[in-house]
Amino acid sequence: MPKSRIRKKADYTPPPSKQATAIKLTSRTWVAPVMLAMFVIGLAWIVVFYVTDGSLPIDALGNWNIVVGFGFIAAGFGVSTQWK
């Protein structure tokens with residue numbers, strides 16, 4: 001019986017290296033200071049309201065001062081979604 005031909009295998013060539021694509025993120029340096037400022041203002045608003053027994057920051061708002069303080073805190077969380 002005749003011998004079959006031996007096929008020569010090609011030498012191993014590694015796949016071409018992938019070039020790293022640069023991810024361009026826009027710089028949003030304003031986000032962290034504004035976010036922290038909103039948190040601090042909201043917290044300070046609520047603390048001042050409780051410490052002064054409701055006479056400050058705005059006496060006419062009454063207990064709605066708590067809502068204003070939490071509004072500042074919620075706005076801080078809203079700004080934090082812009083963080084990259």
Side-chain angles (χ1 to χ4, degrees):
M1 186 156 225
K3 222 177 190 182
S4 64
R5 286 190 343 207
I6 299 175
R7 287 181 254 165
K8 184 178 179 185
K9 292 185 178 181
D11 292 335
Y12 173 75
T13 56
S17 62
K18 294 181 180 179
Q19 293 286 353
T21 58
I23 299 173
K24 188 174 183 179
L25 296 176
T26 57
S27 176
R28 297 193 179 181
T29 57
W30 59 271
V31 173
V34 171
M35 175 184 65
L36 292 175
M38 297 294 251
F39 289 154
V40 170
I41 291 170
L43 180 64
W45 194 289
I46 294 170
V47 168
V48 167
F49 174 71
Y50 276 117
V51 169
T52 62
D53 286 332
S55 62
L56 286 176
I58 300 175
D59 190 25
L61 288 180
N63 286 335
W64 283 97
N65 280 303
I66 298 170
V67 175
V68 172
F70 277 113
F72 276 111
I73 294 171
F77 279 113
V79 170
S80 71
T81 63
Q82 299 299 315
W83 187 282
K84 285 192 179 190

Self-check item: Hydrophobic cluster membership, M38 vs W30, 4.5 Å side-chain cutoff
Solution: yes
Self-check item: Nearest-0.5 Å distance, CG of residue L56 to OH of residue Y50
Solution: 15.0 Å
Quiz item: Mind checking whether F39 and F77 have side chains closer than 4.5 Å, heavy atoms only?
Solution: yes
Quiz item: Are L61 and I73 grouped together when hydrophobic residues (ILVMFWY) are joined by side-chain heavy atoms under 4.5 angstrom apart?
Solution: yes
Self-check item: Check: I58 main-chain N/O paired with N65 side-chain donor or acceptor under 3.5 Å
Solution: yes
Practice problem: Look at the side-chain heavy atoms of Ile, Leu, Val, Met, Phe, Trp and Tyr, link any pair under 4.5 Å apart, and say whether W64 and F70 land in one connected group. | Solution: yes
Quiz item: According to a 4.5 Å side-chain heavy-atom criterion applied to Ile, Leu, Val, Met, Phe, Trp and Tyr, with indirect links allowed, do L43 and F72 form part of one hydrophobic cluster?
Solution: no
Practice problem: For residues G76 and M35, report the shortest heavy-atom separation together with the two atoms involved. | Solution: O-CG, 3.5 Å
Quiz item: Do I41 and V47 share a hydrophobic cluster (ILVMFWY, side-chain heavy atoms under 4.5 Å, transitive)?
Solution: no
